[in-house]
Amino acid sequence: DEGYHAVLRQGNASKTEVFLERVVRERLKAFVFDYRELRAMATSPPASMYDITQLLKGATWLCFDGAADCKVTADKAPLTSDGFELLLGHGDAGELARFAERIVEHYGGRGVGE
């Protein structure tokens, strides 16, 4: 709780977001697949680590290791190696292609033939 409150005192949503993502990865062994939801939580963060843990355990925007119903799409996967690996695990070439397009667009590029 002490580390969390130190982050909160800074009043910086970006730092709170980084902290929350670390909790997701390290404590809950999960991945964020909708960063808009994580940002929303960081903008109006819970008061305690207990509250964070309880909210995150029920978050529909997280993918927990081993969750059979965790379907991450190319449109929601984080533009990170974790996002790529989540999609790769589903074995859908179309989703992987759409993910690659998002990466290209994110960096200001255009696809071949556009």
Sequence neighbours excluded, every pair satisfying salt bridge (Lys or Arg N to Asp or Glu O under 4.0 Å) that has a member inside residues 37-51: E17-R39
Shortest non-hydrogen contact between [X] and [Y], atoms and distance:
X    : Y    : answer
V104 : R110 : CG1-N, 3.6 Å
F19  : V7   : CD1-CG2, 3.9 Å
A42  : A13  : CB-O, 3.5 Å
P45  : T16  : CB-CG2, 4.0 Å

How long is the gap from [atom1] on [X] to [atom2] on [Y], to the nearest 0.5 Å?
X   : Y   : atom1 : atom2 : value
L38 : L62 : CG    : CG    : 8.0 Å
I52 : R27 : CD1   : CZ    : 8.5 Å
D34 : T60 : CG    : OG1   : 8.0 Å
M41 : W61 : CE    : CH2   : 5.0 Å
F99 : L88 : CZ    : CG    : 10.5 Å

Check for a donor-acceptor pair, side chain of R102 on one end and backbone N or O of A74 on the other, with a separation under 3.5 Å. yes
Is it the case that the side chain of H5 and the backbone of S48 share a donor-acceptor pair, with hydrogens and angles ignored and the cut-off at 3.5 Å? no
Using the rule that Ile, Leu, Val, Met, Phe, Trp and Tyr join whenever any side-chain heavy atoms are under 4.5 Å apart, tell me whether [X] and [Y] fall into a single cluster.
X    : Y   : value
Y4   : L55 : yes
L8   : Y50 : no
L20  : V18 : no
I103 : L87 : yes

Mind checking what makes side-chain hydrogen bond (donor to acceptor under 3.5 Å, both in side chains) contact with R9, not counting sequence neighbours? none
Run the salt bridge (Lys or Arg N to Asp or Glu O under 4.0 Å) check on D75 and R98 step by step: do they pass? CA-CA 8 Å; D75 294 323; R98 174 65 190 126; 3.1 Å; yes
